[in-house]
Amino acid sequence: MATDYFEEILEYLDENDKNTLYSCLLVNRFLCKVSVKFLWRNIWNFKLQSEAQRQIIRTLLTCLPNESKKLLHKEETIIIPISETSKPPLFDYVSFFKAFSIDDFIIMIEFFIQKSTKSTKSTQSAKSTKSTKSGSSKNPNHLIRLNKSRNLLIEEILKMFISRTSLKILNYTMNKRKIMKIPYDIMLTEFPGARDCLKNLIELRCINEVRPEVFYQLSQVCHNIETIKIFGSLSHDNGMKKLIILQDNLKCLEVKKLHSSELNGILCSLNNKQLNTITKLHLKGINNLSSISFIIKFTNLQEFTLINYYDYNKVKLEELNYVIFSKLRYFAIRYNIKSEALLKFLENNGENLEEFKHYSFRTSINKSINLAVAKFCLNLKSLYARFEETNTVISILNSCQQLERICVYCVYWEGIDRIEELTEVGVYCDTFRIEALEIIKIIAKYSPKKFHELKLHGINLLPKELETIFMIWEDRIPCKTLTLIIKSDVVKKEENMKVIEKYKKFVDVKYEKYEKYKEMEM
């Protein structure tokens, strides 16, 4: 009974809040058993190619059945001492997995083998400066053996996963930078126990190049998928349409980088029940998209994304001029559209919006859209927009009193911010018109009472500038603690840390790595 209570409490933790779960591990044996399940159900949040992921693979090797261990050692696949893999694990870690990512798993294996091989070579070279093995990496036969061993290691671990897990999330994508042909050559659906492993799947992310048999076999097993995310052109009938049609409780459909004719093919295959159950529709980078009248059929939409990566594609948003989506809470658009059409859409649907993201290359329409936000979107908790003047920023902050978090995104290049929080404002500062610091001052001064978090993307503030912002915040009544998140590629300066220490009573500062090209998707 106590286990059930604690598991229910841990369910409320953020999935990325590893620190709290780590703390629970150290309290006592009981909490350790409970929290370890939550740590292992989705390991893919760890930083790729880190020592932590290498340790994960080592742990998984100890979980392998004895038959697999003997086979791998016989083939000299595992480049670690046999004694380490022979020790039984403390928990059945594999059974805790609820999410599996093919792409990330392959990257982890590659990193593990790479590091293990380097370690082995170092040991050999220490024993002998002229070892025949030290040059074996250039031997074609050695490379063939290494590839064979690597594939065998992947196959044995996948076989273990399929036989001992019941997955909720499956990421069937592949990093195109990699040469390996997995998942194209290895099919999860062919392993023993695949039906039991995949029958409770609720989220599927996949790339079109996956072999057609995978989707046909998934369609026979999975009928309760709630979220499907498709990436890549459907150049042939690969079974995806059939898989989508057979889902009885489809709630979220995300399509990325397809041609409009392919998108229409998918949408036309949806039945009336699915048109009612789908509450989230995200269309990204649809080539040659013009008419969007099909959106009218989705009467229960709560989230709608319509973005393109270039501005030359014009979309007829005016087709929705007389449509009201009473349940719409999230709307993101980045397309070449008529400003009048977007103004009308906000007039019809802005009252219920909690999050709105808008980006346009044409500065002429930004002011009118931002003023429309201040007029029609009074319940917003999250906004991404581009500003050319401070008065517009002030109008929005004064009107949208539900805002809790603001993200200031200020860089020279024409990028867009990927905002993951549900209650956040993204502000694009055109550096040729408005100084970033002035925008930040305005936010600190005019932001509503519920505001408590400021995120800065790609902005390197000097100590004087930081202190100015902190002083403005300190004068607020009441003065709540401000969480300041700085995403930058520049190392923290000692001078900044002195200012932060001085105002630590009012400000909690966190630094995050800023990666320019990862910020380019809305």
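Note that the NZ atom of Lys510 and the CD1 atom of Ile500 stand 13.0 Å from one another [nearest 0.5 Å]. Rounded to the nearest 0.5 Å, atoms OG1 (Thr165) and NZ (Lys98) are 8.0 Å apart. Distance check, rounded to the nearest 0.5 Å: CE of Met240 to CZ of Phe215 gives 3.5 Å. Taking CG of Leu371 as the start and CD1 of Ile396 as the end, the distance is 7.5 Å to the nearest 0.5 Å. Here the straight-line distance linking atom NZ of Lys280 with atom CZ of Phe304 works out to 15.5 Å at 0.5 Å rounding. Leu482 contributes atom CG, which lies 11.5 Å from atom CD1 of Ile472 (distance to the nearest 0.5 angstrom).
Between the side chain of Arg205 and the backbone N or O of Ile169 there is no donor-acceptor pair closer than 3.5 Å. For the pair Gln247 (side chain) and Cys222 (backbone), a donor-acceptor distance under 3.5 Å is present. With hydrogens and angles ignored, the 3.5 Å screen pairs a side-chain donor or acceptor of Gln401 with a backbone N or O of Asn398. For the pair Thr277 (side chain) and Leu250 (backbone), a donor-acceptor distance under 3.5 Å is present. The backbone N or O of Ala332 lies less than 3.5 Å from no partner atom in the side chain of Thr305, so there is not a single donor-acceptor pair. Asn348 places a side-chain N or O within 3.5 Å of a backbone atom of Asn321 that can act as its donor or acceptor partner. In this structure, Trp44 contributes its side chain and Asp104 its backbone to no donor-acceptor pair below 3.5 Å. Not a single donor-acceptor pair under 3.5 Å links the side chain of Asn42 to the backbone N or O of Ala99. Glu319 contributes no side-chain N or O that, together with a main-chain N or O of Ile295, makes up a donor-acceptor pair within less than 3.5 Å. Between the side chain of Trp473 and the backbone N or O of Thr481, no donor-acceptor pair lies under 3.5 Å.
With sequence neighbours excluded, the residues satisfying salt bridge (charged side-chain N to carboxylate O under 4.0 Å, His left out) with Lys502 are Glu467.
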Would you sort out whether Leu317 and Lys338 count as a side-chain contact (heavy atoms from CB on, under 4.5 Å), showing the intermediate values? CA-CA 7 Å; Leu317 187 64; Lys338 294 180 179 179; over 6 Å; no
Between Ile102 and Asn171, is a side-chain contact (heavy atoms from CB on, under 4.5 Å) present by the stated rule, with each step listed? CA-CA 6 Å; Ile102 295 287; Asn171 186 353; over 6 Å; no
Kindly determine whether Leu289 and Asn308 satisfy side-chain contact (heavy atoms from CB on, under 4.5 Å), including the steps that lead there. CA-CA 9 Å; Leu289 181 64; Asn308 199 15; over 6 Å; no
Please evaluate residues His358 and Phe331 with respect to the criterion side-chain contact (heavy atoms from CB on, under 4.5 Å), reporting the C-alpha separation (whole Å), side-chain torsions for both, the decisive distance (0.1 Å), and the verdict. CA-CA 8 Å; His358 167 252; Phe331 179 47; over 6 Å; no
side-chain hydrogen bond (donor to acceptor under 3.5 Å, both in side chains) between Arg405 and Thr483, intermediate numbers included: CA-CA 9 Å; Arg405 298 179 177 92; Thr483 299; over 6 Å; no
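Closest heavy-atom contact between Ser291 and Ser293: OG-OG, 3.4 Å. What you find for Ser269 and Gln274 is that their closest heavy atoms are O-OE1, 4.4 Å. Smallest separation of non-hydrogen atoms from Ser382 and Leu403: N-CD2, 4.0 Å. The two residues Asn370 and Ala385 make their nearest non-hydrogen contact at OD1-CB, 3.3 Å. Heavy atoms only, all atoms of each residue included: Leu204 and Leu243 are closest at CD2-CD2, 3.5 Å. Here the closest heavy-atom approach between residue Ser368 and residue Ser339 is recorded as OG-CB, 4.4 Å.
In summary, Glu254 and Lys284 engage in a salt bridge, as defined by a charged side-chain N under 4.0 Å from a carboxylate O. For Lys504 and Glu501, the salt-bridge test passes: some basic side-chain N is under 4.0 Å from an acidic carboxylate O.
In the displayed structure, Lys327 atom NZ is contacted under 6.0 Å by at most 12 heavy atoms of other residues, nucleotides or ligands. Counting heavy-atom neighbours within 6.0 Å of Glu351 CD, excluding the residue itself, gives a total of 12 or less. Around CG of Asp475, the count of heavy atoms belonging to other residues, nucleotides or ligands within 6.0 Å exceeds 12.
With Arg329 as reference, Glu354 is the one residue of Glu303, Glu354, Lys381 to meet the side chain to side chain contact (heavy atoms under 4.5 Å, CB included) rule. When each of Leu328, Ile337, Ile324 is tested with Phe345 by the rule side chain to side chain contact (heavy atoms under 4.5 Å, CB included), just one qualifies, namely Leu328.
The ring of Phe470 has its center no closer than 6.0 angstrom to the ring center of Phe506.
The shortest distance between side-chain heavy atoms of Leu39 and Leu25 falls below 4.5 Å. The shortest side-chain heavy-atom distance between Tyr93 and Val36 falls under the 4.5 Å cut-off. Inter-residue side-chain proximity for Ile230 and Ile244 is flagged as met; some heavy-atom pair is nearer than 4.5 Å. With contacts defined as side-chain heavy-atom distances shorter than 4.5 Å, the pair Ile43/Met108 qualifies. Under the 4.5 Å side-chain criterion, counting only non-hydrogen atoms from C-beta, Leu346 is in contact with Cys377. Ile202 has its side chain out of reach of Ile225: every pair of non-hydrogen atoms, C-beta onward, lies at least 4.5 Å apart. Annotation: side chain of Tyr335 is not in contact with side chain of Leu342 (no heavy-atom distance under 4.5 Å). The shortest side-chain heavy-atom distance between Lys375 and Glu347 does not fall under the 4.5 Å cut-off.
Using cut-offs of 30° and 60° for the angle between ring planes, the Phe105 and Phe100 rings count as tilted.
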